[in-house]
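Here's the structure we're looking at; comments come further down.
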Amino acid sequence: MAPSTTVPSASAIEVPETLLKKRKQNEKAREERLVAASAARKASKAKRKVIFKRAESYVKEYLNKEKEEIRLKRTARTAGDFYVPAQPKVYFVVRIRGINEIAPKPRKILQLLRLLQINNGIFVKATRATQQMLRLVEPYITYGEPNLKSVRELIYKRGYGKVDKQRIPLTNNAVIETALGKFDILCVEDLVHEIITAGPNFKQASNFLWPFKLSNPTGGWRTRKFKHYVQGGDFGDREVNINKLIRQMN
């Protein structure tokens, strides 16, 4: 006969009720987490499809616009006329001058434009009001009409969003969707499209983007930085030539 032992076997030990409850709770929480993760994966997959379709439609739209412009230029040339391109819808504005000796009015306009530091850049809609504002602060800024490539490069490379008054990098479409989802802007391509076309939610999209912090242009500024661009300087309206400056500063 085996000697009796005082140590009870595993089956003889009764598990405390609190521990059993805790185990049940943990199991339930784990199941809920798995269900939520599965649902999130499905939703993410569906969203990705929507985003891809939108991106494709935008590419088609941009190509059609480009082809139409080429067609109009050719038609004008054959008819012996001049093709006059449409007025710009959006300006990209860069501050090129510091804070010394600025009159109160231009200082206030630069604050309204959110251009608080040198080499800061923002997108503004080209309206009569903004053009008048830009004219008043012209000696402190340079601006022009950005193309699709410039807008896309700026947002992808230097894009930061304003979330709860904080500067958050646009590393994920979720950042954009959280802030601008109610305006049907779900991803970076939606944001680029809204900016380049000056869409109905341009104001919200532009305000969401934190002012771009650009570098000094490669090769430096021109010799006389504080002369107008047409006089060999840097400030003022440089129209489509702003794209060259964006490449140098981005």
Note to self: Can you confirm whether I99 is buried at CD1, in the sense that more than 12 heavy atoms of other residues, nucleotides or ligands lie under 6.0 Å from that atom?
What the structure shows: no

Notebook entry, point to check: Should the heavy atoms of other residues, nucleotides or ligands under 6.0 Å from CD of Q132 be counted, would the total exceed 12?
Noted result: yes

Margin query: What's the separation between atom CD in E177 and atom CG in D184, rounded to the nearest 0.5 Å?
Written below: 10.0 Å

Check: Under 3.5 Å, side chain of S206 to main-chain N/O of F202, donor-acceptor pair present?
Finding: no

Check: Would you say the side chain of I122 lies within less than 4.5 Å of the side chain of Y91, judging by non-hydrogen atoms?
Finding: no

Notebook entry, point to check: Do the side-chain N and O atoms of Y160 and Q166 include a donor-acceptor pair separated by under 3.5 angstrom?
Noted result: no

Next item on the list: Look only at the side chain of N120 and the backbone of P211, and say whether a donor-acceptor pair between them is shorter than 3.5 Å.
Entry: no

Margin query: Quick check: do L134 and L113 have side-chain heavy atoms less than 4.5 Å from each other?
Written below: yes

Check: Are K24 and E27 within salt-bridge range, i.e. N to O under 4.0 Å?
Finding: no

Item checked: Interatomic distance, R95 atom CZ to I118 atom CD1 [nearest 0.5 angstrom] -> 7.5 Å

Item checked: No-hydrogen, no-angle side-chain donor-acceptor test under 3.5 Å, R158 and N250 -> yes

Notebook entry, point to check: Short question: side chain of T78, backbone of R74 - any donor-acceptor pair under 3.5 Å?
Noted result: yes

Margin query: Can you confirm whether more than 12 heavy atoms, excluding those of K125, are under 6.0 Å from its NZ atom?
Written below: yes

Note to self: Between R135 and E138 (side chain of the first, backbone of the second, donor and acceptor by atom type, cut-off under 3.5 Å), is there such a pair?
What the structure shows: no

Check: Any Lys/Arg nitrogen of K89 or E145 sitting under 4.0 Å from an Asp/Glu carboxylate oxygen of the other?
Finding: no

Notebook entry, point to check: Is the CZ atom of R167 crowded by more than 12 outside heavy atoms at less than 6.0 Å?
Noted result: yes

Notebook entry, point to check: Any side-chain heavy-atom pair from S215 and Q248 closer than 4.5 angstrom?
Noted result: no

Item checked: Exam field: side chain N64 to backbone K60, donor-acceptor pair closer than 3.5 Å -> yes

Next item on the list: Inspect the surroundings of OH in Y83 and state if more than 12 heavy atoms from other residues, nucleotides or ligands are less than 6.0 Å away.
Entry: yes

Margin query: Strictly distance-based, threshold 3.5 Å: is any side-chain N or O of N243 a donor or acceptor partner for the main-chain N or O of N147?
Written below: yes

Next item on the list: Supply the atom-to-atom distance E61 CD to I196 CD1, rounded to the nearest 0.5 angstrom.
Entry: 10.5 Å

Margin query: Once rounded to the nearest 0.5 Å, what's the spacing between atom CG of L110 and atom NZ of K108?
Written below: 11.5 Å

Margin query: How about CD on Q87, more than 12 heavy atoms from neighbouring residues, nucleotides or ligands closer than 6.0 Å, or not?
Written below: no

Check: F235 vs H228 aromatic rings, parallel, tilted or perpendicular, using cut-offs 30° and 60°?
Finding: perpendicular

